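Everything below concerns the one structure shown next.
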Amino acid sequence: MANDGFLPTPESAQTFSLSASAHHTDTQSDDAVRELNKWRQAMQDPTHSQRYAERWERIEAEGDDINGEARAIDAMAQRGSTILDAGCGNGRLAGYLAAAGHDAMGVDLDSHLVEVARTKYPQGRFAVADLADFELRNDNGELMSFDIIVSAGNVQTFLADWERIPALGNITKHMHTESRFVAGFQLARGYSNAQFTADAESVGLQVYQRFSTWQFDPFVEDGEFMLAVLRLKA
């Protein structure tokens, strides 16, 4: 993903085995690369990430439920599943799943939020990574795959238009034949059901279930939210 206008991520934040995928710079025009996604735009304010993390701390302290998405994924997963939270923010989803006994990992482009996640949820594993340009490899150098990959919190709609297909492609290469990718986002944020479905199909994914909430209510065609469950095309 483009780094225009941002300080380099400290090496201390890159403690997992990450390598950039080659397709990003080869296929995207210079004009597209310069387009910052919505999260990077917000990060132009150096206090943004800290304020975001503090907001979630307040929400949790006030007793509000912050684990609805995590419970949904836990209900879908076999015990001890490998789960990747793609766009983990402050780690609440991966942290919950790790505490529930899964091998849960979270990645996010925001190094401050990754450090918050590491401190708050030591049972999980967290790394700095850009969804539009990343690979995760184990200690033997092998590409990692996950039973479930999840993107909650409108992650898909924070991506710039040019990042959408590369990000889905990177998610796809971290899936095996039985994996599921679960994405929940507000359709009113500029990413329609039809476009998301077409983008997913272009990288070898198939949407096989749609819901309107994280409680698995039936999908509404003209609704405001979609929870999509995808598999690799047969």
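Only a predicted model underlies this, so the values are computations on that prediction, with no experimental measurement involved.
Note: Trp39 and Tyr52 have perpendicular aromatic rings, judged against thresholds of 30 and 60 degrees for the angle between ring planes. Between Phe134 and His174, the ring planes are parallel. Angles under 30° get that label, and only those over 60° would be called perpendicular. Ring geometry for Tyr121 versus Phe126: interplanar angle of 30 to 60°, hence tilted.
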Worked check of side chain to side chain contact (heavy atoms under 4.5 Å, CB included) between Met144 and Leu84: CA-CA 10 Å; Met144 297 174 68; Leu84 175 65; over 6 Å; no
Stepwise side chain to side chain contact (heavy atoms under 4.5 Å, CB included) test for Glu142 and Arg137: CA-CA 5 Å; Glu142 301 164 333; Arg137 295 186 176 273; 5.6 Å; no
Audit row: Gln206, Lys233, side chain to side chain contact (heavy atoms under 4.5 Å, CB included) steps and yes/no: CA-CA 6 Å; Gln206 181 178 8; Lys233 286 182 180 179; 4.1 Å; yes
Side chain to side chain contact (heavy atoms under 4.5 Å, CB included) between Ile66 and Tyr96, worked out: CA-CA 10 Å; Ile66 66 169; Tyr96 179 99; over 6 Å; no
Worked check of salt bridge (Lys or Arg N to Asp or Glu O under 4.0 Å) between Arg92 and Asp85: CA-CA 10 Å; Arg92 59 190 175 87; Asp85 183 0; over 6 Å; no
Chi angles and distances behind the salt bridge (Lys or Arg N to Asp or Glu O under 4.0 Å) call for Arg58, Asp64: CA-CA 9 Å; Arg58 289 195 302 271; Asp64 292 337; over 6 Å; no
Stepwise salt bridge (Lys or Arg N to Asp or Glu O under 4.0 Å) test for Arg51 and Glu54: CA-CA 5 Å; Arg51 289 186 288 107; Glu54 290 172 348; over 6 Å; no
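To the nearest 0.5 Å, atom CG of residue Leu230 and atom OG1 of residue Thr172 are 8.5 Å apart. Atom CZ of Phe185 is separated from atom CG of Asn154 by 8.5 Å, given to the nearest 0.5 angstrom. Distance check, rounded to the nearest 0.5 Å: NZ of Lys120 to CD of Glu60 gives 4.0 Å. Going from atom CG of Asp103 over to atom CD1 of Ile83 covers 8.5 Å, rounded to the nearest 0.5 Å. Interatomic distance, Leu97 CG to Ile73 CD1, rounded to the nearest 0.5 Å: 7.0 Å. Atoms CD and CD, on Glu69 and Gln215 in that order, are 9.0 Å from each other to the nearest 0.5 Å.
In terms of heavy atoms, Ala228 sits closest to Val207 at CB-CG1, 4.2 Å. Across Ala86 and Ser151, no two heavy atoms sit closer than the pair O-OG, 2.9 Å. Ala104 and Ala98 make their closest contact through CB-N, 3.8 Å (heavy atoms, listed as atom of the first residue, atom of the second, distance). Closest non-hydrogen pair, Asp74 versus Ala100, comes out as OD1-CB, 4.1 Å. Here the closest heavy-atom approach between residue Gly91 and residue Ala117 is recorded as CA-CB, 3.7 Å. Residues Glu35 and Asp161 come closest through the heavy atom pair OE2-N, 4.0 Å.
One N or O on the side chain of Asp108 and one on the backbone of Gly89 form a donor-acceptor pair closer than 3.5 Å. Between the Gln41 side chain and the Leu36 main chain, a donor and an acceptor come within less than 3.5 Å of each other. Looking only at distances, no side-chain donor or acceptor of Lys38 sits under 3.5 Å from a matching main-chain atom of Leu159. Between the His102 side chain and the Ser81 main chain, a donor and an acceptor come within less than 3.5 Å of each other. Between the side chain of Asn67 and the main chain of Arg71, no donor-acceptor pair closer than 3.5 Å is present.
Salt-bridge check for Asp110 with Arg40: failed, with every basic side-chain N at 4.0 Å or more from each acidic carboxylate O.
Contact check for Arg180 versus Gln209: no side-chain heavy atoms found under the 4.5 Å cut-off. In this structure, the side chains of Ser202 and Ile165 come closer than 4.5 Å at one or more pairs of heavy atoms. With a 4.5 Å cut-off on side-chain heavy atoms, Val182 and Leu227 count as touching. Contact of the Leu109 side chain with the Val114 side chain is not registered, since no non-hydrogen atoms from C-beta on lie closer than 4.5 Å. For the pair Met175 and Phe181, the minimum side-chain heavy-atom distance is below 4.5 Å. A 4.5 Å side-chain heavy-atom check between Leu136 and Val107 finds at least one atom pair inside the cut-off.
Checking Gln195 against Asp199 by side-chain atom types alone, a donor-acceptor pair falls below 3.5 Å. With 3.5 Å as the limit, one finds no donor-acceptor pair spanning the side chains of Asp217 and Ser212. Between the side chains of Asp147 and His176, at least one donor N or O sits under 3.5 Å from an acceptor N or O. For the residue pair Arg210 / Asn193, a side-chain donor-acceptor distance below 3.5 Å is found, with atom types taken as modelled.
When the side chains of ILVMFWY residues are joined at heavy-atom separations under 4.5 Å, either directly or via intervening members, Trp214 and Met76 end up in a single hydrophobic cluster. Under the 4.5 Å side-chain contact rule for hydrophobic residues, Val155 and Phe225 do not share a cluster. By the criterion of side-chain heavy atoms lying less than 4.5 angstrom apart, applied directly or through intervening Ile, Leu, Val, Met, Phe, Trp or Tyr residues, Leu205 is not grouped with Ile148; the two fall into different hydrophobic clusters. Linking Ile, Leu, Val, Met, Phe, Trp and Tyr residues whenever their side-chain heavy atoms come within less than 4.5 Å places Phe158 and Trp56 in a single cluster. Tracing side-chain contacts under 4.5 Å through hydrophobic residues (I, L, V, M, F, W, Y), one reaches Leu113 starting from Met43; they form part of the same cluster.
The side-chain tip of Arg164 points at the ring of Tyr191 from less than 6.0 angstrom away and within 45° of straight on.
Close placement of the Phe211 and Phe216 rings is indicated, their centers lying within 6.0 Å of each other.
Applying the 6.0 Å contact sphere to CD of Glu221 captures no more than 12 heavy atoms from other residues, nucleotides or ligands.
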